[in-house]
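Computed from a predicted model, the values in this text were never measured in an experiment.
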Amino acid sequence: MKMKKMMNAAVASRYFAFFITVFLFLVLYGVGMMNFRGFTRPQVFFNLFIDNATLIIVTVGITFTLLIGGIDLSVGAVVALACMILAYLLEYTAVPVAAAVLLVLAFGIAFGALQGYIITKFDMQPFIITLAGMFFCRGMTAVISRDTISITNPFYVSIASARISVFGLGFVSIGAVMALLVLLIAAIVLGFTRFGRTIYAIGGSESSAALMGLPVFRTKVLVYTINGFCAALGGVAYSWIMLSGYTLHALGMEMDAIASSVIGGTLLTGGVAFLPGTLFGVLIQGVILTFITFQGTLSAWWTKIVIGALLCVFIVMQAIITERKSKLSSKSSLENRL
Amino acid sequence: MNWKRITSSSLFLPLLALFALLLFNVIFVDGFLSIQMTEDGRLYGRLIDILNRSSSLIVLSLGMTFVIATSGIDISVGAVVAISAAVVCTLIGGRGDGVAEHPMALAILAAVAIGVLCGIWNGFLVARLKIQAVVATLILMTAGRGIAQLLTAGQIITVYYKPFSYISGTIPGNVLPTNIFIAAAMVLLVGFIMKKTSIGLFVQAVGINATASKYAGISVSLVLFVVYAFSGFCAGVSGLIESSLIRAADANNAGLNMEMDAILAVALGGTLLSGGKFYIGGSVIGAITIQTLTTTMYALGIASDQLPVIKAIAVVVLCLIQSKKCQALVASWKENRHGGSAGKTVEKA
Amino acid sequence: MEQVLLEMRQIDKLFPGVRALSKVDFTLRAGEIHSLMGENGAGKSTLVKVLTGVYPRDGGTIRLNGHEIAPRTPKEAQEYGISTVYQEVNLCANLSVAENIYIGREPKKHGFIDWKTMNERAVTLLKRLHITIDVTKTLDHYSVAIQQMIAIARAVDVSARILILDEPTSSLDEQETQRLFAIVRELKAQGMGIIFISHFLEQVYALCDRVTVLRNGELIGSYEVAHLSRLELIAKMIGKNLSAVQEMDQTEEKSQPSADVFLAAKDIGCTGSLVDVDLAIHKSEVVGLAGLLGSGRTETAELLFGIHSITKGEIDINGKKLNISDPMTAMRKKIAFCPEDRKVSGIIGDLSVRDNIILAMQAKDGMLKHIPYARQAEIADEFIRLLQIKVSDREQLVKNLSGGNQQKVIIARWLATQPELLILDEPTRGIDVGTKSEIQKMAVQLAKQRGMAVVFISSEMDEMTRTCTKLVVMKDRRKVAELMDDEVNSENVMKAIAGGEKE
């Protein structure tokens with residue numbers, strides 16, 4: 001009885017999904033340490049951040065859209081296009097590195113704003129517009145170049161390969177630092193600004209938010225704009241890892257990002273997300289990938305299947321929690337009466 | 001007088017687009033209309049080629065039409081095509097001596113069955129667990145390619161067994177490629193189902209007003225379930241055709257971008273993406289139109305991976321044209337331009 | 001006397017084809033709780049929406065503290081000090097209690113939200129309303145009653161002059177309602193003007209000082225609650241429809257019920273919506289479910305048709321116990337149900353009249369059978385003729401028909417299934433008088449000529465007394481009386497609803 005009550009309290013807690021995610025991460029990491037000696041090296045942990053810098057940034061962006069009950073399927077393609085634009089500008093033009101990066105970021109902002117405007121102004125389903133956005137960006141990547149363009153700009157390569165030591169235990173890349181910075185800023189925006197709370201309110205109930213006098217239209221367009229910016233920034237981080245532009249870069253990353261976000265506790269119906277949770281969502285995927293690499297015989301496509309399965313499990317779990325919660329609230333109202 | 005009836009017909013827009021494309025081809029592509037016969041009695045020519053290539057898209061858009069009519073979406077069809085292709089090719093096997101490891105009939109049956117299974121899975125998520133259609137089918141969209149790779153062990157399996165190529169090729173003695181017949185048979189099958197069952201009516205009812213449908217005694221979740229299962233079935237058949245075309249299973253590229261083409265075909269065919277009334281004939285013409293567009297673009301030297309740019313723009317434009325909000329905006333804009341002053345006086349009074 | 005806070009004079013509101021409000025006056029004083037009453041479509045919510053700027057008015061003036069105002073949006077109304085709390089809580093369930101109160105107006109420190117101050121303020125504010133809860137928990141942790149009070153707290157804090165409560169108690173139980181009332185009285189004591197809209201008579205008598213009654217968009221009058229008996233109030237709300245009275249002579253004789261019971265409901269109930277209802281429906285009988293809106297009329301009908309499942313009691317059909325778990329089970333037992341909300345749960349707007357008529361028949365036949373087109377056309381034409389549905393042809397889209405004809409199409413849909421029990425929930429709402437009397441006559445004829453059992457639900461008393469031989473009177477989700485034959489008249493119904501109070 002007491003056990004059950006505690007369970008209910010845990011399920012009802014706002015951080016329930018977060019705890020599960022952290023727990024899952026620790027278990028996975030623990031299993032890895034037991035099976036592979038390499039896992040015990042601190043650098044393996046830091047590599048999770050180096051390898052997944054892009055995914056962290058993109059996940060932060062997509063979490064904004066999921067929070068308002070929307071979705072953005074175009075992020076993976078935007079990452080690819082961003083890499084391609086960078087590679088093209090750096091290799092075939094005289095545009096300086098800083099300008100190239102700024103140009104790419106400006107493109108991400110403009111593209112996100114356009115998608116957001118079309119979705120909000122014309123009341124379109126976000127998935128269809130962003131699905132079109134995904135195909136558009138993939139196609140544009142191929143329009144710029146169908147072949148891989150390697151980035152050889154010495155300054156750019158030096159940024160990409162720069163390593164920052166962490167207490168002498170290991171090192172991280174600039175991309176990883178940038179990813180954590182984005183995560184931090186986003187968490188502050190979501191938690192401590194009026195804009196951030198309005199995003200939550202819209203996700204909770206768009207009509208209520210409007211009745212409470214909150215700026216719904218502006219906020220929604222801004223959310224897609226932020227997402228576009230994050231995707232482009234993710235693209236910059238991705239180019240530091242790949243040092244190339246290629247049409248098939250970041251294929252299916254939208255799914256990885258959505259999965260990370262959901263595993264981290266984001267509700268696909270909107271209104272609920274916890275950014276530290278989404279970080280662990282990314283790290284869980286990273287651990288699985290590391291697993292598969294260490295294992296050696298398992299093939300890469302297992303990642304996709306496992307992530308799909310994980311996403312599925314978490315979505316079903318969300319459905320159950322939501323049901324449980326509604327039962328709980330009717331119960332609590334009963335208790336209030338007595 | 002009759003002109004208005006023609007332009008308001010649901011088939012007008014897709015037919016117009018198709019004719020415009022065909023006209024363009026007739027003018028700019030030499031021998032576009034010519035159809036010749038080879039020595040072994042097969043017909044060949046660009047038109048036949050377009051039909052041959054569009055048959056898998058026709059099949060796919062049949063299933064997609066129903067899904068969209070219920071105001072849902074199935075973005076997993078491309079991945080299901082890859083799975084189906086992987087199954088059929090793995091079962092027949094890539095033996096160099098051209099011998100099938102399993103009977104082809106069995107392989108075909110298994111491929112279609114796995115498509116249905118995928119559809120049932122989607123249907124379960126959407127109808128039973130009430131997960132949004134995009135998300136439910138997104139799972140299979142990405143995981144599906146992984147599954148396909150798992151089946152083919154990451155290899156591209158090339159099938160040398162001769163009869164396998166007949167699915168999308170010509171059976172000796174026939175005049176036209178088999179897949180054209182398959183697509184035609186599927187269209188006829190759907191037509192038959194529309195005529196002899198009430199599924200079409202129920203699908204529309206659910207897409208227009210699910211609550212009222214429930215009050216009229218329709219089992220909404222059953223309708224959704226059947227619709228997604230059928231979409232899976234179509235993707236399974238489409239996978240057969242696709243794999244036979246290249247006589248191989250390529251988990252990465254089979255059915256790539258086909259979900260977009262199918263959605264575009266349905267939208268072009270006049271079915272609203274918000275659900276409700278659907279037009280099978282429109283979707284078929286839409287599919288042929290898109291294949292013609294693809295072929296034309298290839299002829300113009302645009303590569304297959306660049307093509308999505310044009311298709312993406314087409315989808316957005318079609319969506320905007322269909323959107324009620326956009327129509328209302330255009331209407332009020334027109335009113336402001338023509339009768340703006342009249343409207344204002346009314347407001348003041 | 002307290003000072004006048006709000007004065008609405010000669011308010012007009014037109015909708016295409018309908019005069020929703022005509023020359024309505026309304027006066028609200030500071031420190032009073034004023035009830036706005038009237039049946040569905042009387043114009044209460046239209047009046048409130050004009051006041052809060054949801055609809056622009058077509059005539060009349062609104063004065064607040066003597067100054068003329070013209071709010072154009074709910075936000076502007078709020079700035080004038082007019083806030084509304086709706087029946088469905090318009091807050092965000094995923095945000096904390098404190099946030100729901102302060103979102104959009106959060107206290108800030110160094111440009112960032114000061115959560116500590118916000119939570120403290122929320123606690124203080126709620127304490128004033130005698131609510132002590134954890135304000136950092138999300139809203140969905142609390143019952144609807146608490147949520148309702150939080151909504152009031154927000155409204156009061158945003159602007160504290162006029163508070164409109166639009167059916168705030170419809171999903172609350174007795175104790176929760178009492179708690180809410182205590183808060184409302186508190187606010188009254190602080191000098192706020194409160195407009196209270198409710199269908200529950202007892203609550204109006206328990207809480208309100210004055211009541212303004214509307215009927216068909218017209219003002220009937222404003223009264224001191226203490227000097228108005230329940231019976232008088234109900235009579236003013238329901239009134240006598242003159243045109244209907246004139247048509248009385250043309251009405252057919254009532255149908256005589258047979259001795260066979262078609263459906264017997266024994267002590268049926270459903271948690272949260274209905275308590276212990278007993279009901280026997282005979283063949284050839286027209287049974288009326290009377291009562292004010294929200295009394296449990298529709299809920300009873302929905303249980304009989306399997307939209308919701310009963311959680312208590314049993315339903316027998318032709319003497320056999322049956323578990324009606326979904327509409328199809330009910331339909332197989334030849335039960336038909338025309339729902340209350342035509343647009344949402346009735347018509348399939350983008351389908352043709354023919355499709356709409358054969359839909360239930362087709363659903364009964366199942367997915368795999370198909371009624372041939374020729375037969376569909378035949379059925380559709382038959383009912384178009386029989387019910388005199390005005391259509392250009394049977395392929396016309398049903399959304400393009402008038403309300404009355406849409407209603408006929410839905411009735412046709414169910415008659416096509418040849419039911420033995422036909423439930424009509426508000427079949428005459430929002431349709432013209434001519435069609436109204438046609439539908440009434442039809443209900444009687446079906447019972448007489450085809451031996452059909454009919455359940456008739458309506459807010460218009462005359463309609464019911466003219467067609468029904470038995471009236472089941474509902475109040476607060478319970479059955480309070482059953483009137484037979486000669487007892488069937490509006491006076492008895494009003495008495496039953498008013499309860500205990502005899503004249």
| field | Portion of Leu73(A) that has a non-hydrogen atom of chain B nearer than 4.5 angstrom | value | side chain
| Between Val316(A) and chain B, which part of the residue has a heavy atom less than 4.5 Å away: side chain, backbone, both or neither? | side chain
| request: Could you walk me through whether Leu67(A) and Val223(A) pass the side-chain contact (heavy atoms from CB on, under 4.5 Å) test, one step at a time? | output: CA-CA 9 Å; Leu67(A) 255 177; Val223(A) 160; over 6 Å; no
| message | Counting only non-hydrogen atoms closer than 4.5 Å, does Ile313(B) touch chain A with its backbone (N, CA, C, O), its side chain (CB onward), both, or neither? | response | side chain
| task | Working to the nearest 0.5 Å, report the span between CD1 of Ile246(B) and CD1 of Ile156(B). | result | 7.5 Å
| request: Check the pair Asp51(A), Thr290(A) against side-chain contact (heavy atoms from CB on, under 4.5 Å), reporting the backbone distance first and the verdict last. | output: CA-CA 10 Å; Asp51(A) 297 339; Thr290(A) 315; 5.9 Å; no
| query | Relative to chain B, which segment of Met124(A) carries a heavy atom at a distance below 4.5 Å: side chain, backbone, both, or neither? | reply | side chain
| With sequence neighbours excluded, residues passing side chain to side chain contact (heavy atoms under 4.5 Å, CB included) with Ala210(A) | Val216(A)
| When only pairs under 4.5 Å are counted, which of Val134(B), Val316(B), Ile147(B), Leu264(B) shares the most heavy-atom pairs with chain A? | Val134(B)
| message | Heavy-atom pairs under 4.5 Å with chain A - which of Val315(B), Ile131(B), Leu320(B) has more of them than the others? | response | Leu320(B)
| note | Note: vs chain A, highest number of non-hydrogen pairs under 4.5 angstrom among Ala136(B), Ala148(B), Ala153(B) is Ala153(B)
| Using non-hydrogen atoms only, which part of Ile307(A) is less than 4.5 Å away from chain B: side chain, backbone, both, or neither? | neither
| Interchain contact, Ile118(A) with chain B, by part (heavy-atom threshold 4.5 Å) | side chain
| said: For Ile149(A) and Met84(A): C-alpha separation, side-chain torsions, deciding distance, then whether side-chain contact (heavy atoms from CB on, under 4.5 Å) applies. | reply: CA-CA 7 Å; Ile149(A) 303 177; Met84(A) 183 57 91; 3.9 Å; yes
| Nearest-0.5 Å distance that lies between atom CZ in Phe136(A) and atom CD1 in Ile310(B) | 10.5 Å
| message | Could you report the tightest heavy-atom contact between Ala82(B) and Ala251(B), atom names first, then the distance? | response | CB-O, 3.9 Å
| remark: When rounded to the nearest 0.5 Å, the distance separating CD1 of Ile62(A) from CE of Met255(A) is 11.0 Å
| query | Which bit of Ile263(B) comes within less than 4.5 Å of chain A, counting heavy atoms only: side chain, backbone, both or neither? | reply | side chain
Counting backbone as well as side chains, what donor-acceptor pairs lie under 3.5 Å between chain A and chain B?
| unit_1 | atom_1 | unit_2 | atom_2 | d |
| --- | --- | --- | --- | --- |
| Ala142(A) | O | Gln306(B) | NE2 | 2.9 |
| Arg146(A) | NE | Asp305(B) | OD1 | 2.9 |
| Arg146(A) | NE | Asp305(B) | OD2 | 3.3 |
| Arg146(A) | NH2 | Asp305(B) | OD1 | 3.4 |
| Leu268(A) | O | Gln132(B) | NE2 | 3.2 |

| Distance from Leu66(A) atom CG to Phe64(A) atom CZ, nearest 0.5 Å? | 11.5 Å
| field | Proximity breakdown for Ile302(B) and chain A, heavy-atom pairs closer than 4.5 Å | value | neither
| task | Apply side-chain contact (heavy atoms from CB on, under 4.5 Å) to the pair Val78(A) and Val58(A), showing each step before the final yes or no. | result | CA-CA 10 Å; Val78(A) 173; Val58(A) 169; over 6 Å; no
| said: Does any backbone or side-chain atom of Leu307(B) lie under 4.5 Å from a heavy atom of chain A? Answer side chain, backbone, both or neither. | reply: neither
| said: If we define contacts as heavy-atom pairs under 4.5 Å, which of Ile75(B), Ile139(B), Leu150(B) has the most with chain A? | reply: Leu150(B)
| query | With a 4.5 angstrom heavy-atom cut-off, which part of Leu248(A) approaches chain B: side chain, backbone, both or neither? | reply | neither
| query | How far does CG of Leu24(A) sit from CG of Leu283(A), to the nearest 0.5 angstrom? | reply | 11.5 Å
| query | Going from CD1 on Ile128(A) to CG on Leu318(B), what distance comes out if it is rounded to the nearest 0.5 angstrom? | reply | 10.0 Å
| Should Val75(A) and Ile258(A) count as side-chain neighbours, where that means a heavy-atom distance under 4.5 Å? | no
| task | Find the one option among Ala132(A), Cys137(A), Gly308(A), Gly133(A) whose heavy-atom pairs under 4.5 Å with chain B are most numerous. | result | Ala132(A)
| said: So for Leu140(B), is it side chain, backbone, both, or neither that comes closer than 4.5 Å to the heavy atoms of chain A? | reply: neither
| query | Can you name the closest pair of heavy atoms from Gly239(B) and Ala85(B) and give their distance? | reply | O-CB, 3.9 Å
